[in-house]
Novice: 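There's a structure below that I have some questions on.
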2 protein chains.
Amino acid sequence: MTIQLYCFGESGNAYKAALALELSGLDWAPVYVDFFNGETRGEAFRKINPMGEVPVLVDGDVTLTQSGVMQMYVTEKTGKFGGSTPQDAREVLRWMFWDNHKMSSQAGMTRFLMSFLPEAKRPEGVIPFMQGRLKAAYATLNAHLAGRDWIVGDGPTNADLSCCGYLFYPEPFGFTRADWPEIDRWLSNIEGLSGWKHPYDLMPGSPADRA
Amino acid sequence: MTIQLYCFGESGNAYKAALALELSGLDWAPVYVDFFNGETRGEAFRKINPMGEVPVLVDGDVTLTQSGVMQMYVTEKTGKFGGSTPQDAREVLRWMFWDNHKMSSQAGMTRFLMSFLPEAKRPEGVIPFMQGRLKAAYATLNAHLAGRDWIVGDGPTNADLSCCGYLFYPEPFGFTRADWPEIDRWLSNIEGLSGWKHPYDLMPGSPADRA
């Protein structure tokens, strides 16, 4: 049975799940969610996910939200991306939690405020504050990647597929690859994986559709 | 061997791990980290955790950061709090990621800005913005808890021990138990668990020490 992923191109959190599904070789298909026209706030979508969030993964009678859970579900089904020892598995999970806690949560919000919300609606002071927090996160990740090709062990794991979630997008939110050489090199490693696709190629919907 | 948890009373993230350890019955002891005098920014602490975060759990040659990973480690060692079926285990993990992503990350920051940072240093506009985000998170949690005693299944899990992390603290950050009756009832359930302790009783250090 084909796994369905409710998603849209602009969602970095959806990308994390889509990329894990795609690179794992599982049979999956995207289901487009029209986020920018309010679909996630509608009653039909709330029936799929009461939290109103994208992404949602549906695999037969299994329904999941939160990209980290989906990534671990891919690992459960395929044995891929979870780390090859118990120690590595904990380290993968650590970076997934760190990303959700310290990086993607802030990056997604900052990008939304800067690139998808009309300028008149942007709350004063929030963007520079968030960018300060994000700079600390990029510095942590950049330092960790020095001398490493992957965040954990010697191949791609959910740690990489989580932390890269927002970093391929072209819309400005204060992240410039050239400023962080170790992150830049690591992102190139991910781009070099067989089957890798940019978020706007992997999932339906992009700012170009609304231009 | 006694598990060591580097922590301090004011850290809701440390509380999540401390509470899981305490309620599990594992042998553990807190190691006080003098966060407010800069200990986490010092070289000695960076050797324990290059990310500079609290909490850190040390169990023999296992060193962990991120409270979610520690909670799952407690589950790994004791079989407790992880959910009793594969489906529940995923649901527990979903709420742990949700909490890290949408609630604790914002609650911890807002409480820090409002209660631990001198008023003159508070960034303009950030607190009301964060409180708006938090209100949406409380609404999601409150709605989920209607008709339920616990977030997942019929007993306490890491989902509860994660989501409650900041909600027992007295310092203002925009959360009032009386405003959210389902959350209030659920927090009383947690307080009623055998061995439950308030963060300032479970871990060393509190604002009273600095008064």
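Only heavy atoms go into these numbers, but all of them, side chains included; no hydrogens, no water, no symmetry mates. Only a predicted model underlies this, so the values are computations on that prediction, with no experimental measurement involved. Quick note on labels: first sequence line is chain A, next is B, and so on, each numbered from 1.
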Novice: Side chain from CB out, backbone as N, CA, C, O: work out which of these in A/Glu53 comes under 4.5 Å of a heavy atom of chain B, or both, or neither.
Specialist: side chain

Novice: Is it the case that over 12 heavy atoms from other parts of the model lie below 6.0 angstrom from the CD atom of B/Glu171?
Specialist: yes

Novice: Could you check which of A/Met130, A/Glu91, A/Glu124 has the highest count of heavy-atom pairs closer than 4.5 Å to chain B?
Specialist: A/Glu124

Novice: Tell me which of these, A/Met109, A/His144, A/Met70, has more heavy-atom pairs under 4.5 Å with chain B than the rest.
Specialist: A/Met109

Novice: Give, for atom OG1 of B/Thr65 and atom CZ of A/Arg90, the distance between the pair rounded to the nearest 0.5 Å.
Specialist: 12.5 Å

Novice: Does atom CZ of A/Arg133 have more than 12 heavy-atom neighbours, drawn from other residues, nucleotides or ligands, at distances under 6.0 Å?
Specialist: no

Novice: Would you mind checking which part of A/Pro123 comes under 4.5 Å of any heavy atom in chain B, side chain (CB onward), backbone (N, CA, C, O), both or neither?
Specialist: side chain

Novice: Does any heavy atom of chain B fall under 4.5 Å from the side chain of A/Ile127, the backbone, both, or neither of them?
Specialist: neither

Novice: Give the minimum heavy-atom separation between A/Val69 and B/Leu93, together with the two atoms involved.
Specialist: CG2-C, 3.7 Å

Novice: Applying a criterion of heavy atom separation less than 4.5 Å, what residues of residues 95-107 of chain A form contacts with chain B?
Specialist: A/Trp95, A/Met96, A/Phe97, A/Trp98, A/Asn100, A/His101, A/Lys102, A/Ser105, A/Gln106

Novice: Tell me whether the count of non-hydrogen atoms from other residues, nucleotides or ligands lying under 6.0 Å of CD in B/Gln87 goes above 12.
Specialist: no

Novice: Under a 4.5 Å heavy-atom cut-off, does chain A meet the side chain of B/Thr140, its backbone, both or neither?
Specialist: side chain

Novice: Taking every non-hydrogen pair under 4.5 Å, which of A/Gly68, A/Ser67, A/Pro128 racks up the most with chain B?
Specialist: A/Gly68

